[in-house]
Amino acid sequence: MAIDVESIRKAFPFFETPADGSRPPVYLDSAATTQKPAAVLDALAHYYTRANANVHRGVYRLAVEATELYEGARRTVAAFVGATRPEEIVFTKNATEAVNLLSNSLMWAGDELRVGPGDEIVVTEMEHHSNLIPWRLLAERAGATVRYLGITDDGRLDLSRLPEVVTERTRVVAVVHASNILGTVNPIAPIAARAAEVGALLVVDAAQSVPHLPVDVAALGADFVTFSGHKMCGPTGIGVLWGRHELLEALPPFLGGGEMIETVSVDAMRYAAPPLKFEAGTPPVAQAVGLGAACDFLGEIGMDAIAAHDQALVEYALERLGRVPGIRFIGPADGVDRLPLLSFVVDGVPLQKLRTVLDEAGIAVRSGHHCAQLACSRFGIPAAIRSSFYLYNAADEVDHLAATLEGTTRSGRGGGAAPAFEAGGTARVRPYREVLVPAIFGPWAERLVGALAPAPGARALDVGTGPGTVARVLAAAVGPAGAVVGTDPSPAMLALAREEPPPSGAPIQIASIQYVECGAAPLHVSDEAFDIVTAQQVLQFVPDRRAAVAEMRRAARPGARIAIATWLPLERNPLFRALRDAVGAVLGPEEAELFAEPWTPAGEEVAVLVEEAGFTGVERYEWTVPVTLPGGPDALCCLFGFSSVASSYAAGHGEALRQAVRELLVRHTDERGLHGETAASVVTARA
C-alpha cells in the first residue's frame, strides 16, 4: 500500500503553516533526528500531566499507572522489533549509551563473555562513532586488539576477507546494519554465520535501519541490537539495547543503584533480573512512553509501506540529483539495499558554500563527517552534504534540492560578500606574498603561532589564511602527525597558497595542509573539529562579526586554544596610516575613510565577541612588530591593489598615490628600504 505523504504530514505539527504564513523548512535531515507526530507529543503530554509518578516503587494508583505505561511501552517496543520477550528490551538514553553499557559490561563479565588481553574486536570502516569509539575504548582498557572490515569502491561492506578478519581470537563483531553516511544496508546473515562459527558475539547498530525497514531482531542472527527513539519519530533521550535473554542474565550490570538491585546486605547483594539490572536509577519514563507511541504510529502505517516509499524516493533522488553537474555521491550509486539518504560533494563548489545556499533556500540538510570519519577517509573527503528522507518527504522536495544545487553550480553563488581582491587570478594578489609576507606577515605568523605553542600532532584551523603564511608555520609546528586547514574568502589567495611548494630538505617534516574557500556573509569554516584555531585580519571583511566568532567556536573542540588578530587603529600603524593619508590627498576624504575600514575593529570588541561565543580564559594583548620593506614605499603601495581603492589605483592614479606615500614616509626610508612597525590586537582564549 502506497503512503499518502500529504496525509502523513498532517500528523506532524512541525509541517503546519505558522500563523505568520512562513513555510517550515524542507526537512532533509531525518538521519540525524526525525520530526515527531502529534500522537507522540500527546503521549508525552498525557504522561506528564495525568500519570506522572516514579515507576516500580509506589503501590498507590498513580504509581501503578505510571509503571504500567512504562512496561507497556517495553512490550510495544519488543513486539515492534520481534523480540521473543519484553525482558530482552533494555531502555537507555540513546543508542550510544546502549553500546557503552554493553562494552563496559563485557569488560567485567565472566570468563565466557569477558573481553581481555589478546582478544580481538572486529568493527567496520563504515561505523558511526557510537559503534566504534566504545569498542576502541574497551580494547585500550582490556588489552584487546581492534580489526576492521573495509568498504568497497562502490560503498558496500567488503566481506571478501571475512574469514581472515573474524577468527577464533575474535570475541566481538560490531557492525552497522545501515550506514548513516553511505546509506548502505549491510547483509547481516553471513557476518552472523561467521561470528557464530568462531564463538564471537555479534552486535548490530540498527539506529538507521529500525526506522526504515521491518527489523526482526530474533531472526537477524545478532546477539545484541541497539537503536534510538528519536530517529524513528520518538522523543530524544530514549534508546534501546536488545539482547538475547540468556546473555543479559549472564552479563554484570554497568551502573549501580536504584532498581537494579533486588536485595542488599552489609556483605552481599543480588542484582535484579534483566532488564532492570541494567536500568539503574529513575529511568526515562516519559521518553519510553513516547517511544511506545512512535512504534504504534509507525506500525499503523506499516513498515513494509514505509520501506517501499523510501525505496521509491531514494531511486528517484539518485536519478534526479545525478543530473546535477559535478555531483559525486559517497556511497552506492544504485538503490539496491540502500536507505533513503544521499551523501555527496559537488566538484568545484566548496562545502561551506553548498550548505549556505541550501540553508538560504529553506532546505535543512546536514554537512560534515557525520560521525563517520573512517568512511570519509576511505573516500578521500573530509566531509560531505547529507540529504536524508523519511515517510513525510516527497519527490517535489528532491526536485527543489536538485534545482538549488544546479543554480549553485551555474552561478557560483554561495559565499556572500568578500574582500575586494576576490576577483581575478593569482597575478593580481601575487605581490601580497612576494612583498608583504616576508616583511610583515611572516614575522606576525611566527609570533602568533609561537604564542599558542601547538602540540605535535594537533589539528589546526587558520581562518583568513590568505596565501597560507600562518598555515605553513602551523604545519611546521604540529609536524607530520598533525593536520592544518587554511580557509579564506578569496579564491585567488587560496590559489596562491596552493602554489607554494612544501619546503625541500627542511630539517623538520610538516603536516599536510588543506586549503578551503569559506564565505564571508556568513563566514563558514571547516566542518571538522580543531585543537588550534587562528584568525588574522579577517573579521574586518565579514559583515557579521558575532556570527563569525561563533562559527570559530563551533570549529573548536573542547579545550582548544584560539587566537584572533586584528590591526590596531591607524594611529598605531604609521605605515598603513601613510597609505590612508595618501588616499585622502589624491582621491578625497570619503575614499580615505573607506580605505581605513580594515583598521576599525577594536580589540575590546573582539574580546567581548569571544566571550559571548562561549570561550573562556579570554586575554587581550597589543603586539608591535618591526617592519623593513627592502622595496621602500613603492613596495608598500602594493596594498592599494587589494583594497577599496584598487580600481582607482589601476586606472591612472597609481603614480600619484605612490608619490604621496614616498613624501609621507621619506623620513622612514634609507638605502636598505622602508622601516617602521605594525601593531595589532591579539585575543586568545580556550574553548
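Count residues from 1 along the sequence.
Taking the side chain as every heavy atom from C-beta outward, Val26 and His400 approach each other to under 4.5 Å. The closest side-chain heavy-atom distance from Arg557 to Asp531 is below 4.5 Å. Looking only at side-chain heavy atoms (C-beta outward), Met493 and Tyr432 come within less than 4.5 Å of each other. Residues Leu341 and Arg386 are in side-chain contact: their nearest non-hydrogen atoms beyond the backbone lie under 4.5 Å apart. Proximity of Val346 to Thr408: side-chain heavy atoms (C-beta onward) are nowhere separated by under 4.5 Å. At least one side-chain heavy atom of Leu474 sits under 4.5 Å from a side-chain heavy atom of Pro454. Annotation: side chain of Thr487 is not in contact with side chain of Glu517 (no heavy-atom distance under 4.5 Å). Looking only at side-chain heavy atoms (C-beta outward), Thr534 and Leu461 stay at 4.5 Å or farther from each other.
The CD1 atom of Ile330 sits 11.5 Å away from atom OG of Ser179, with the distance rounded to the nearest 0.5 Å. Expressed to the nearest 0.5 Å, how far CZ of Arg355 lies from CZ of Arg366 amounts to 11.0 Å. Interatomic distance, CD of Glu125 versus CZ of Phe379, reported as 9.0 Å (0.5 Å rounding). The line from SG of Cys637 to CG of Leu657 is 7.0 Å long, rounded to the nearest 0.5 Å. Between the NE2 atom in His128 and the CG atom in Asn180 there is a gap of 5.0 Å [rounded to 0.5 Å]. In this structure, the separation between CD on Gln514 and CZ on Arg498 is 8.5 Å, given to the nearest 0.5 Å.
Thr33 and His230 are linked by a side-chain donor-acceptor pair at a separation below 3.5 angstrom, with hydrogens and angles left out of the test. Side-chain contact check for Trp444 and Thr678: at least one donor-acceptor pair (N or O, by modelled atom type) lies under 3.5 Å.
Heavy-atom minimum distance, Gly155 versus Leu182: O-CD1, 3.9 Å. Pairing each heavy atom of Ala384 with each of Ser343, the nearest pair is CB-CB, 4.3 Å. Annotation for Leu496 and Pro467: closest pair CD2-CB, 3.8 Å, computed over non-hydrogen atoms. Across Pro633 and Thr669, no two heavy atoms sit closer than the pair CG-OG1, 3.5 Å. Minimum heavy-atom separation, Val533 to Phe530: CG2-CB, 4.2 Å. Listed here is the closest heavy atom pair of Trp135 and Ser103: CZ3-CB, 3.7 Å.
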Item to check | Residues Asp634, Val661; criterion side-chain contact (heavy atoms from CB on, under 4.5 Å); working and verdict | outcome: CA-CA 8 Å; Asp634 283 6; Val661 173; over 6 Å; no
Next on the checklist: Please determine whether side-chain contact (heavy atoms from CB on, under 4.5 Å) holds for the pair Leu321 and Phe329, giving the CA-CA distance in whole Å, both sets of side-chain angles, and the decisive distance to 0.1 Å.
Outcome noted: CA-CA 9 Å; Leu321 292 173; Phe329 295 124; 3.8 Å; yes
Next on the checklist: If you apply the rule side-chain contact (heavy atoms from CB on, under 4.5 Å), what do you find for Ile151 with Thr124, and how did you get there?
Outcome noted: CA-CA 8 Å; Ile151 307 172; Thr124 81; over 6 Å; no
Next on the checklist: If you apply the rule side-chain contact (heavy atoms from CB on, under 4.5 Å), what do you find for Ile564 with Val682, and how did you get there?
Outcome noted: CA-CA 6 Å; Ile564 300 177; Val682 178; over 6 Å; no
Checklist entry - Should Glu499 and Arg430 be marked as a salt bridge (charged side-chain N to carboxylate O under 4.0 Å, His left out) after you check the CA-CA gap, both sets of side-chain angles, and the distance that decides it? => result CA-CA 10 Å; Glu499 286 182 2; Arg430 195 172 304 281; 2.7 Å; yes
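Arg662 CZ: more than 12 foreign heavy atoms inside a 6.0 Å radius.
Cation-pi geometry between Arg553 and Phe615 is satisfied (NZ or CZ under 6.0 Å from the ring centre, within 45° of the ring normal).
Judged by distance alone, with hydrogens and angles left aside, the side-chain atoms of Asp359 form no donor-acceptor pair with the main-chain N or O of Ala364 at under 3.5 Å. For the pair Glu127 (side chain) and Val176 (backbone), a donor-acceptor distance under 3.5 Å is present. Although no hydrogens or angles enter the test, the distance criterion places no donor-acceptor pair under 3.5 Å between the side chain of Arg561 and the main chain of Arg686. A distance-only check finds a donor-acceptor pair linking the side chain of Asp488 to the backbone of Thr465 [under 3.5 Å]. Proximity of a side-chain donor or acceptor of Glu611 to a complementary backbone N or O of Thr616 within less than 3.5 Å is not detected.
Partners of Arg447 according to the salt bridge (Lys or Arg N to Asp or Glu O under 4.0 Å) rule, which considers only residues two or more places apart in sequence or in another chain, do not exist here. In this structure, the ring-ring contact (aromatic ring centres under 6.0 Å, His included) partners of Tyr27, at least two apart in sequence or on a different chain, are Phe14. In terms of the salt bridge (Lys or Arg N to Asp or Glu O under 4.0 Å) criterion, residue partners of Arg459 (sequence neighbours excluded) are, by chain and number, Glu528. By the side-chain hydrogen bond (donor to acceptor under 3.5 Å, both in side chains) test, Gln536 pairs with Asp462, sequence neighbours left out. A search for salt bridge (Lys or Arg N to Asp or Glu O under 4.0 Å) contacts involving Arg546 returns Glu612, not counting sequence neighbours.
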What pairs of donor and acceptor atoms, side-chain ones from residues 574-596 against any protein atom, are under 3.5 angstrom apart with sequence neighbours left out?
{"from": "Arg577", "atom 1": "NH1", "to": "Leu570", "atom 2": "O", "distance (Å)": "3.4"}
{"from": "Arg577", "atom 1": "NH1", "to": "Glu571", "atom 2": "O", "distance (Å)": "3.3"}

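Ring centroids of His129 and His370 are separated by 6.0 Å or more, keeping the two rings apart.
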